[in-house]
Amino acid sequence: MLQVPFLRENKERVLNGLRKRNWKEEDLQIIDRILELDSSRRKLLQEVEQLQARLKQLSGEIGALYKQGKREEAEASKAEVSSLKEQMKTPEEQLKKVKAELEQLLLEVPNVPNDLVPFGKSEDDNEIYKAWPDELPELGENALPHWELAKVYQLFDLELGTKLTGAGFPVYLGQGARLERALINYFLDRAHRAGYLEVSPPLLVNADTARATGQLPDKEGQMYFVERDGFYLIPTAEVPVTNIYRGAILEEEDFPIKLTGYTPCFRREAGSYGAHVRGLNRVHQFDKVEIVRIEHPDRSYAALDEMLEHVSSLLDELELPYRIVRLCGGDLGFTSALTYDFEVYSAAQKRWLEVSSVSNFETYQSNRLQLRFKDGKKKRLAHTLNGSALALARIVAALLENNQTENGIELPKVLHSYTGFERIEKP
RNA sequence: GGUGAGGUGGGUGAGUGGCUUAAACCGCCGGUUUGCUAAACCGGUGUCUCGGGAAACCGGGACCGCGGGUUCGAAUCCCGCCCUCACCGCCA
């Protein structure tokens, strides 16, 4: 959520940001409406508080008068109090209304994109930030997509998941399950070595938590909800992990804060269909190791670069062909100021699969989180960032497809000590 | 799920309607004293928000788990909710 004073002082910048996000000109009026509401909120607040101050003073006097036995004077003051209260009613109600509407509208304004964010409408307009250098890997004629490989090698079973739960809940089996576990451990170990503190958070969160990182109200339909207890299943570890610092007031020397966590992620993905969602390409439950950083505003973009380096090094070690794209205004997440996606090339499907998304939210999340640090005497909002390092299901898909041979599926060297086998063979 | 006890500032904790501008102690910051450290003593020490000011700061309001209510006046009384702890039940 943006701060009103920021909005007031940077109106043009905010408007241009919304234009970059392809907002229609008539929808930009929301900003003027917000500023209007805020100015009447301040006016009403002053009015109400002046009356309150007078009330407070009077009731103190009444107490004193009673003590002195001056009953009649006390009664007279009481009459004044009740007329003051009558006067307060209207502005109080207006204030309540204005505040509610203001709050509502503020939730509808997304983050201001960084200057680096390109203009564009959809993922087709994303800018290639780092391209795969050589020609893309080619597989032979009889190369199989990962969902076929899964059958041949008995690595995961989607029909079985449908029996247990429903579509999009894969059951990993045998070497597939071990590969899954190996990748999680490998990613966590690498994050640990890069200085991230490992946390293992709850998988269900309350509404306050979901709101603070911006999933509510924007992505309400995307999350599974446990009605009976009012809990949401997390769509990413970002939610519980970032919320660890909700309400915190940090010292400058606390930076950088680097956290990592493995969790399953649950996404309803309503409305998805077609060939692009076959196999592991898009599922309702997948495993992911997330990295989260809380940074000094001056250092957050350097931190973002470090995170890109970290994710790149993982993909290098996994020997997967990948590219990095900078999301355009139309594809940029609601809460993000700048996002880089990592896409791995799936040679059998001949398409790029998104496996990581690394973003700087600047103060957008920390405003809702009320996550601040002491800058001298003042308190300032910190910057929050996060990125997948990495999301499992699609990595598994790419590993299986790209490394298939006559004699089985060869695994990258870095995983051997984690899996306990170097090659997936027919059972 | 049942019963009981609780929820007060960074911490412990006092406070049953106005003398609370939330005591006291601890912690923290600054100072005095001091070879250093410590002790002792003195002063300061929350959050949010509105207004004024270049700023230091000054003034108003709110905040004692959350939301309502009673009252001229609520940390204190009443109602609802949430949470914590203890015991019982169930249980990996």
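Each chain gets a letter, A, B and so on, in the order its sequence line appears, and its residues count up from 1.
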Please list, by residue number, the residues of residues 207-214 of chain A whose heavy atoms come closer than 4.0 Å to an atom of RNA chain B; answer none if no residue qualifies.
none

Taking atom C1' in both B:U33 and B:A38, compute the distance separating them and give it to the nearest angstrom.
13 Å

For A:P118 versus A:K20, what's the shortest heavy-atom pair and its separation?
O-CG, 4.4 Å

Quick one: A:R8 CZ to B:U49 P, roughly how many Å, whole number?
12 Å

Between A:Q3 (CD) and B:U49 (C1'), how many Å, whole number?
13 Å

Where along residues 32-44 of chain A does a heavy atom come under 4.0 Å from RNA chain B, residue by residue in number order?
A:R41, A:R42

Using Watson-Crick or G-U wobble geometry with both distances under 3.5 Å, which nucleotide pairs with B:G6?
B:C83

For A:R54, is there an ion pair with A:E80 - N to carboxylate O distance below 4.0 angstrom?
yes

Partner set under side-chain hydrogen bond (donor to acceptor under 3.5 Å, both in side chains) for A:R181, not counting sequence neighbours:
none

If you measure from CD on A:Q94 to NZ on A:K89, what distance do you get to the nearest 0.5 Å?
14.5 Å

To the nearest 0.5 Å, what is the distance between CD1 (A:I294) and CZ (A:F361)?
12.0 Å

If you assign A:R54 and A:S59 each to the RNA chain B nucleotide with the nearest heavy atom, which residue ends up on the more 5' nucleotide?
A:S59

Within this structure, what is the CG-to-P distance between A:L250 and B:G10, rounded to whole angstrom?
15 Å

Output, in order, the C-alpha distance, side-chain angles, deciding distance and verdict of side chain to side chain donor-acceptor pair (under 3.5 Å) for A:R278 and A:N281.
CA-CA 6 Å; A:R278 281 199 75 176; A:N281 287 346; over 6 Å; no

With both distances under 3.5 angstrom, what nucleotide forms a Watson-Crick or G-U wobble pair with B:G73?
none

B:G9 versus B:A24 - spacing of their C1' atoms, nearest Å
14 Å

Taking atom P of B:C19 as reference, at what distance in whole Å does atom CD of A:E61 sit?
14 Å

For A:A237 and A:T263, which heavy atoms make the closest approach, and how far apart are they?
CB-OG1, 3.5 Å

Span that lies between the P atom of B:G15 and that of B:G65, in whole angstrom:
15 Å

Per the under-4.0 Å heavy-atom filter, residues of residues 73-103 of chain A near RNA chain B come out as A:K78, A:V81, A:K85

Taking side-chain hydrogen bond (donor to acceptor under 3.5 Å, both in side chains) as the definition, give me every residue that meets it alongside A:S77, ordered by chain and number, with sequence neighbours left out.
none

Going 5' to 3' through nucleotides 54-60 of chain B and flagging B where a protein heavy-atom sits under 4.0 Å of the base, S where only the sugar-phosphate is that close, and - otherwise, we get --SS--B

Rounding to an integer number of angstrom, what distance separates B:C28 and B:U8 when you compare their P atoms?
22 Å

Mind checking the C1' distance from B:G17 to B:G30? Whole angstroms is fine.
39 Å

Write out all pairs satisfying ring-ring contact (aromatic ring centres under 6.0 Å, His included) with one or both partners inside residues 371-395 of chain A, taking only residues at least two apart or from two chains.
A:F255-A:F373, A:H296-A:F373

Same-atom distance (C1') from B:G10 to B:C64, integer angstrom:
16 Å

Can you pull the ring-ring contact (aromatic ring centres under 6.0 Å, His included) pairs that have at least one residue in residues 70-117 of chain A, sequence neighbours excluded?
none

Whole angstrom value for the distance that separates P of B:C19 from CD1 of A:I62
14 Å

For A:N403 and A:L399, indicate whether the former's side chain and the latter's backbone hold a donor-acceptor pair under 3.5 Å.
yes

Inter-nucleotide C1' distance (B:A86, B:G80), Å rounded
25 Å

Please compare A:K374 and A:G63 by the position of their nearest nucleotide in RNA chain B and report the one closer to 5'.
A:G63

Whole-Å gap separating P (B:G73) and CD (A:Q52):
12 Å

With sequence neighbours excluded, tell me which residues meet side-chain hydrogen bond (donor to acceptor under 3.5 Å, both in side chains) with A:D375.
A:R380

Here the ring-ring contact (aromatic ring centres under 6.0 Å, His included) pairs for residues 73-112 of chain A, sequence neighbours left out, are none

Residue pairs fulfilling ring-ring contact (aromatic ring centres under 6.0 Å, His included) with at least one residue in residues 14-47 of chain A, sequence neighbours excluded:
none

Who passes salt bridge (charged side-chain N to carboxylate O under 4.0 Å, His left out) against A:K426, sequence neighbours left out?
none

Please give the distance between the P atoms of B:A56 and B:G52 as a whole number of Å.
15 Å

